[in-house]
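To start, the structure itself, in structure tokens.
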Amino acid sequence: MAEPAISVDGLVKRFEDVTAVDGVSFSVRPGTCLGLLGPNGAGKTTTVEILEGLQQPTAGTVRVLGQRWAEAPERLKARIGICLQETRFYEKMTVGETVKLFRSFYPAGIGVDDAIHLVALEEKRDGRVGKLSGGQRQRLALAVALVGDPEVLFLDEPTTGLDPASRRGLWDVIEALKARGRTVVLTTHYMEEAARLCDQVVIVDHGKVVAQGTPQALVAAHGGQQLIEFEARPMPSVEACRALPGCSDVQVRDGTLRLAVRGLPEALPALLRTVEAAGATLLQLSTHAPTLDDVFLNLTGRSLRDEED
Amino acid sequence: MPDNSHPLWQLFLMRLRALWREPSALFWIFAFPLLMAVALGLAFRNQSLSRLTVAVAEGPGQERLLSALAATPGLQPETLPLEAARRALATGKVAVVVVAGDTPRLLVDPGVPEGRTARLLVLDTLQRLAGRKDAISVPEEHVTVPGGRYIDFLIPGLLGFGLMSSSVWGLGWGLVQMRTGKLLKRLVATPMRKSDLLASFIFSRLSLAVLETGFFLAFARFLFDVRVAGSLLSFVLVAATGALSFGGVGLLVASRAQNNETAGGLMNLVTLPMTVLSGVFFSASHFPGWMQPLVKALPLTAVIDALRAISVDGASLWAQGGPLLVLALWGAGAFAVALRIFRWN
Ligand SMILES: Nc1ncnc2c1ncn2[C@@H]1O[C@H](COP(=O)(O)OP(=O)(O)OP(=O)(O)O)[C@@H](O)[C@H]1O
Ligand SMILES: [Mg+2]
């Protein structure tokens, strides 16, 4: 198997009174996208900034493209692109001037206009940065991250504040990069985004990895049960529903029955047979499959509530 | 221009754009020193021509005194009751009080320059009034010494002050903004060479200092007919050296500040004492002898002394070794310390 594009082993970062990152390990294969998820203050930005060489780890090792940061930082910097959680570029410069400035730092890269095109900011090319909207600034930061044609791209909450079309646009950019064998590390608070883009997801909380794997594996392991909601006339009895295969919970709400089941393939046909056997008509039926959202809440929801007290 | 132009050039453009497109920065760099020059130049323009006001306190023979004093060139007498005259003297509205009487008396504060001059003129008038005859008649020729006016003295001082402000604030403020906006952090995450960033700051400071100096000199010439007696090139070289030295101080002040308040406080802490001590508006030699070594060691004193020597006395650049050494030491020392302790994020 190819050498990982990024490997992190036992990473620890302590500030005076907080341990922001507490023994994080993971690795990222080249040409894939890793999503770093976690509640506010979980240590995502700190982890990413250590990977970017902007912060020194307290302990642990980090390799990016097979290199440690201490070895040849300048050469490594030329091969990565980054988008910080927040950057205020010079307000008095135009979008084009800003991208051009950053392009000048890289020995190789894409054209200034191409970078601007990738984030669909052509209209604002000659507009001042100070006059951009929040989402447009975010896209400028992305153009700046892309202009050096990076082998590894680090994006810290790149889609926060983006409208749906821009978000899709960014997804397309990331898919295209992956298709060219480029590696992407991103943090996000949007689970559908992580599920859609990431080959691998690492969920951190309080600086520790609480789960990692493919989105599908995480959903299967931590998503909890499938839900079936239905209405029929006449209603089957609660006892009959409870007897369905894999059913663990039955609730009645506003004339609707809600079943929690282990797997749809066994439970759903059985339910239909039960309804039919009772001579009832099905009026409405819907199922809800667990998503990464459920995984996230199941794994980190408790700690979020703890912080609120 | 191709997309991959030189980083140093792009960074230099960034610095210039930041200033050029910021009206308030342009105001402080170009308009403010000029406005000060205009205000002070107007205030002190007629200093040599203005007549000294003297009060004649009411008493016997006051009419005769009044007309004799009015006839003396340079004096402007007015009659006041004694109490009012004393108050006018205490508040500096009159330079001297003549109390009319059989033998007139003088009230004067000899510690005030106008008082001293007025006293001589009044005494002379009183003696003539009493019948004194001049022993000889001294012929006089009226000349104006070029470079001897207050404005000639003031212009180099204001230019030094302007260079200090624009260097310390321009460079320091710019850096702190870049730090608080995470732009510095974003820049060091690229393969940009830190020396390129530093050089862009130095070059933009130098170009602006030369522009600033040229602009200020042109206006001083146009408005007040102030001329540089020595070599113009030497004058500009000293100004540029001063700007670099202050640039180092600005860099040092901004090397760790995390927010605008801290940075602003530090910059005031550095620039205000120098503004007072370094002889911007009056000669720094007025400070007592024990303070002179301190005053002379300040970079603003050094740059103003050298600029004045070249502009007013027509001194050569080579004679400015002392001040230039002071500037070089400040600049190099500040740069060295700043680079050592600089905080990028
Ligand atoms: N420079 C610092 N000094 C002290 N504490 C810090 C510093 N940077 C981060 N922290 C702390 O480390 C913890 C992790 O912060 P981090 O920014 O990595 O969180 P995050 O996961 O990116 O959160 P968010 O989703 O809000 O962006 C937080 O408790 C934060 O207060
Ligand atoms: Mg963060």
Side-chain angles (χ1 to χ4, degrees), chain A residues 45 48-56 69 72-94 96-116 128-131 137 140-141 144-145 147-150 154 156, chain B residues 1-29 170-171 173-201 203-204 208 258-260 342-345:
Chain A
T45 297
V48 171
E49 289 193 352
I50 293 172
L51 295 182
E52 293 163 344
L54 287 172
Q55 294 193 32
Q56 302 303 316
W69 272 105
E74 301 314 314
R75 208 148 358 114
L76 200 46
K77 281 177 188 173
R79 299 170 70 189
I80 66 170
I82 76 174
C83 189
L84 296 176
Q85 190 166 354
E86 182 212 354
T87 313
R88 264 177 281 144
F89 295 104
Y90 260 152
E91 307 231 316
K92 303 290 166 185
M93 282 169 63
T94 68
E97 287 165 355
T98 305
V99 178
K100 186 162 185 171
L101 167 71
F102 278 85
R103 173 64 185 83
S104 76
F105 302 141
Y106 293 89
I110 61 177
V112 169
D113 286 332
D114 300 333
I116 293 175
R128 296 271 173 96
V129 172
K131 300 238 157 70
R137 281 169 202 234
L140 169 61
V144 164
V147 78
D149 195 19
F154 294 99
D156 199 354
Chain B
M1 213 188 298
D3 276 350
N4 53 345
S5 69
H6 197 276
L8 180 52
W9 171 242
Q10 287 295 322
L11 285 165
F12 177 71
L13 284 179
M14 168 183 86
R15 287 301 301 153
L16 286 195
R17 283 164 180 154
L19 285 169
W20 219 239
R21 296 176 184 175
E22 183 71 72
S24 69
L26 291 181
F27 172 80
W28 288 109
I29 294 179
L171 208 144
W173 198 255
L175 276 173
V176 173
Q177 294 303 113
M178 286 172 78
R179 186 179 294 121
T180 53
K182 310 259 169 74
L183 184 52
L184 271 184
K185 183 174 180 174
R186 184 63 189 82
L187 285 173
V188 290
T190 71
M192 177 196 76
R193 296 217 309 257
K194 289 174 186 170
S195 56
D196 278 350
L197 182 67
L198 184 67
S200 75
F201 271 83
F203 289 145
S204 62
L208 262 158
Q258 294 278 34
N259 56 56
N260 294 344
F342 198 83
R343 197 199 293 253
W344 289 93
N345 53 40

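Chain letters run A, B, ... following the sequence lines, proteins first and then strands; every chain starts at 1.
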Residue Gln56(A) excluded, over 12 heavy atoms near CD under 6.0 Å | no
Name the member of Leu101(A), Thr98(A), Val144(A), Val99(A) that forms the most heavy-atom pairs with chain B at distances under 4.5 Å.
-> Leu101(A)
Could you walk me through whether Asp196(B) and Phe105(A) pass the side-chain contact (heavy atoms from CB on, under 4.5 Å) test, one step at a time?
-> CA-CA 10 Å; Asp196(B) 278 350; Phe105(A) 302 141; over 6 Å; no
Can you list the steps and then say if Arg17(B) with Tyr90(A) is a side-chain contact (heavy atoms from CB on, under 4.5 Å)?
-> CA-CA 9 Å; Arg17(B) 283 164 180 154; Tyr90(A) 260 152; over 6 Å; no
Hey, what do you get for CD (Gln177(B)) to CZ (Arg88(A)), rounding to the nearest 0.5 Å?
-> 7.5 Å
For the pair Lys182(B) and Glu49(A), find out whether any cationic side-chain nitrogen is under 4.0 Å from an anionic carboxylate oxygen.
-> no
Arg128(A) meets the salt bridge (Lys or Arg N to Asp or Glu O under 4.0 Å) criterion, sequence neighbours left out, with none
Return yes when atom CZ of Arg75(A) has more than 12 non-hydrogen atoms of other residues, nucleotides or ligands closer than 6.0 Å, and no otherwise.
-> no
Above 12 or not: heavy atoms from other molecules or residues under 6.0 Å from CZ of Phe203(B)?
-> no
Leu183(B) and Thr87(A): which non-hydrogen atoms are nearest, and at how many Å?
-> CA-CG2, 4.2 Å
Top of Met192(B), Glu22(B), Met14(B), Arg186(B) for chain A proximity - count of heavy-atom pairs under 4.5 angstrom = Arg186(B)
Mind checking which of residues 76-83 of chain A sit less than 4.5 Å from chain B, heavy atom to heavy atom?
-> Lys77(A), Ala78(A), Ile82(A)
Give the minimum heavy-atom separation between Ser104(A) and Ser5(B), together with the two atoms involved.
-> CB-O, 3.1 Å
Given that the side chain runs from C-beta out, which part of Glu52(A) has a heavy atom under 4.5 Å from chain B: side chain, backbone, both or neither?
-> neither
Heavy atoms only: give me the nearest Arg21(B)-Lys92(A) pair and the separation to one decimal.
-> NH1-O, 2.8 Å
Contact class of Leu11(B) relative to chain A, heavy atoms under 4.5 angstrom | both
The interface call for Val147(A) against chain B, heavy-atom contacts under 4.5 Å, is neither
One option among Lys185(B), Arg193(B), Met178(B) has the most heavy-atom pairs under 4.5 Å with chain A, and it is Lys185(B)
